[in-house]
Amino acid sequence: MSLLAVYAHPDDEAFGTGGTLARYAAAGVDVHLICATRGESGKITDPEIDAGTDLGALREQELRDACHALGIAEPIFLGFHDSGRHERTRYDDPKALMNVDEFELEAAIRPWISELGPQVMLTFDPHGGYGHIDHIRIQRAATAAFWSAGSVTARPPRRLYYNAMSLERMRQIQETRREGPMAHLDPGLYAVSEDSFAAVLDVSPWLGAKEKAIRSHRSQVGPRSSFAGSRDGQEGWRAFMGRETFSLGGVRGAFPQPPVDDLFAGL
Ligand SMILES: [Zn+2]
């Protein structure tokens, strides 16, 4: 069995799906991660990291460390550039994900589907979690590649899941983190009803690996990040991080009565 997760930046894999990736790796599934960029336009949130650091090289290593923590294969980098946000937006960079042709991005993903033959693929939901342009671009390209793989490989993937957030969870994040990418989003638009989940996974046994993976992204979860302090004093942290939720982005063949507690249920 094989699982392929497709994301835009180092750390995209850790928060919403780190437990899932660790769980399937522990179960003997070949778990692979495509990362479209090296996250080179991120913000350094740890003051102990020198401001002149090559952020792309640092975040590449952080992702390698996170993958080791999760017990999954070495990450696959597609070599595009992080588009950045706010004052860091790379409007003029032709390799920034926001400027890359969508077919080119889809075409960069598809050979990996042919080579790895995953039954299950994972990516963002159509909002890209919180609307980051790179998340939206990779979500569209991964979805397109899921479908177009059917014409170029004999064993196309059977299921595509979107990492989606419930209304309750988004409200909970907004209560505990007054700043950050989710702070000003309307949960009614960006989150989904619990009823729409195709899969709900209890990943609490793999919470240690998930936390270690999150901490591997040191440049992103430092004292100046919106994530800082969210763990301390937050009641129910384990319950919160130990549950990962997915809606269905695509399916080939039958699907059991949702929500399933195993992404491969019935395969
Ligand atoms: Zn991201």
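Note that ligands are numbered from 1 as they come in the structure, with each ligand's atoms numbered from 1 the same way.
- The closest approach of Asp12 to the Zn ion (ligand 1), by N/O/S atoms, is made by OD1.
- For Tyr162 and Phe246, the distance between ring centers is not under 6.0 angstrom.
- Taking a cutoff of 4.0 Å between a charged side-chain nitrogen and a carboxylate oxygen, Arg218 and Glu62 do not qualify as a salt bridge.
- Side chain to side chain, Arg90 and Ser41 meet the donor-acceptor criterion of an N or O pair below 3.5 Å.
- Coordination check, Asp11 versus the Zn ion (ligand 1): failed, since every N/O/S atom of the residue sits at 2.8 Å or beyond.
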Determine whether Arg59 and Glu40 satisfy the following criterion, salt bridge (charged side-chain N to carboxylate O under 4.0 Å, His left out), listing intermediate values before the conclusion.
CA-CA 7 Å; Arg59 295 192 68 187; Glu40 48 276 275; over 6 Å; no

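- Between the Zn ion (ligand 1) and His9 there is an N/O/S contact shorter than 2.8 Å.
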